[in-house]
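Input: a single structure, listed below in structure tokens.
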Amino acid sequence: ENQDLSKTPTSFKDLISTLPKDNGWKFCQPLYLYQGFWYNPFVLEGTILAQKNFQAQPGDIFLCNAPKTGTSWLKALTFAIATRNHFDLSSNPLLTKLPHDCVPSLEMDYFKNPTMPKPAGGLSVWATHISFSSLPKSITESKCKIIYICRDPKDTFVSLWHYLNKMRSKSHEEISLEEAFELFCNGKSPYGPYWDHVLEYWKGSLECPNQFYFLKYEDMKKDTIFHLKKIAEFVGHPFSLEEESEGVVKKIMELCSFENLSNLDVNKKGQSPHADVDGGTVDNNLYFRKGKVGDWKNFLTFEMGERMDNIMETKLSGSGLNL
Ligand code: A3P
């Protein structure tokens with residue numbers, strides 16, 4: 001067993017020893033099935049701690065999604081919206097910090113540093129990959145606003161496969177595309193099954209439409225300005241007519257674009273702490289690969305694409321959502 005849980009408290013060790021596990025992705029640690037979703041031990045511990053201790057404040061905003069569906073982009077856009085009156089766009093922290101270092105992650109940062117300061121701008125923005133049904137109760141009870149982003153599962157999978165293979169330490173074997181695809185199609189991916197993640201938030205959004213802004217990566221690519229304005233309204237910071245005529249919306253879109261962010265020094269050459277990786281850091285450029293819709297066609301066969309589409313169609317059938 002390639003497991004090192006020595007840094008985790010005994011009660012947590014006891015808990016995860018009771019959970020189903022899977023080492024198919026050949027991570028240094030297996031994934032564990034907790035409340036219907038697969039977690040690596042580091043984020044699982046953070047999830048459980050957040051479930052026990054996190055007290056959402058009224059007005060907190062949560063950016064929720066499954067990994068590789070647009071976290072960095074959504075973090076950047078929301079942060080830029082929330083802080084636009086505090087920083088000149090030319091001195092925005094997004095120019096010198098990774099988007100992940102501007103918006104804290106509930107299960108990673110809260111666990112590591114519960115007193116992490118709130119971002120400037122009076123808005124408290126958090127991000128999480130935790131499934132809707134496993135969110136700390138205080139988030140759902142206090143009706144915090146939730147922005148959920150999802151993405152074509154084929155592009156999500158291709159993005160995930162690249163990311164996990166690149167961030168793996170040299171001492172761990174690569175996983176082939178075919179092996180990884182099989183796992184993903186069986187629901188075994190970090191925070192997966194992917195379709196259940198999407199479906200839970202989708203159903204939540206139908207039950208409480210005022211609490212949710214539910215969007216797709218592809219739609220945001222197609223009309224970024226439209227969704228940027230919608231997000232600003234949704235978080236209670238709509239753009240004024242004056243701002244619109246001064247081109248502030250367009251400037252934020254450009255600041256947060258893939259082209260701009262991926263070419264910044266911090267995102268090209270910087271590194272960030274990542275406790276889940278051997279050695280503890282990850283190259284920031286792993287968060288910026290191509291940023292395209294439909295890149296899956298360069299990696300998956302037609303049959304693989306069809307298989308994934310069929311799975312999604314079956315799983316989402318009757319929900320009113322297509323992906
Ligand atoms: P690809 O691997 O398909 O290029 P996450 O931020 O959830 O980890 O998702 C990563 C995916 O979002 C990657 O997709 C990455 O290139 C893309 N991405 C990162 N920043 C982006 C941006 N500003 N605009 C659009 N896509 C972005």
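Residue numbers run from 1 in the order of the sequence given. All values below were derived from every heavy atom in this structure, side-chain atoms included, with hydrogens, water molecules and symmetry-related copies excluded. Whatever order the structure lists ligands and atoms in, that order sets their numbers, starting from 1.
- Protein residues having a heavy atom under 4.0 Å from any atom of ligand 1 are Lys68, Thr69, Gly70, Thr71, Ser72, Trp73, Arg151, Ser159, Tyr217, Cys256, Ser257, Phe258, Leu261, Tyr287, Phe288, Arg289, Lys290, Gly291, listed by chain and number.
- Looking at heavy atoms from C-beta onward, Leu183 lies in side-chain contact with Trp25 at the 4.5 angstrom threshold.
- In this structure, Lys68 forms a cation-pi arrangement with Tyr163, its terminal cationic atom sitting closer than 6.0 Å to the ring centre and no more than 45° off the ring axis.
- The aromatic rings of Tyr191 and His129 lie perpendicular to each other, with more than 60° between the two planes, well past the 30° mark.
- Shortest non-hydrogen contact noted between Phe132 and Ile146 is CE1-CD1, 4.2 Å.
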Please output the side-chain donor-acceptor pairs of residues 252-261 that fall under 3.5 Å, not counting sequence neighbours, one pair per line with the distance.
residue: Glu254; atom: OE2; partner: Lys250; partner atom: NZ; Å: 3.3
residue: Ser257; atom: OG; partner: Glu254; partner atom: O; Å: 3.0
residue: Ser257; atom: OG; partner: Asn260; partner atom: N; Å: 3.1
residue: Asn260; atom: ND2; partner: Leu255; partner atom: O; Å: 2.8

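- Checked for salt-bridge contact, Lys154 and Asp309 meet the test: a charged N lies under 4.0 Å from a carboxylate O.
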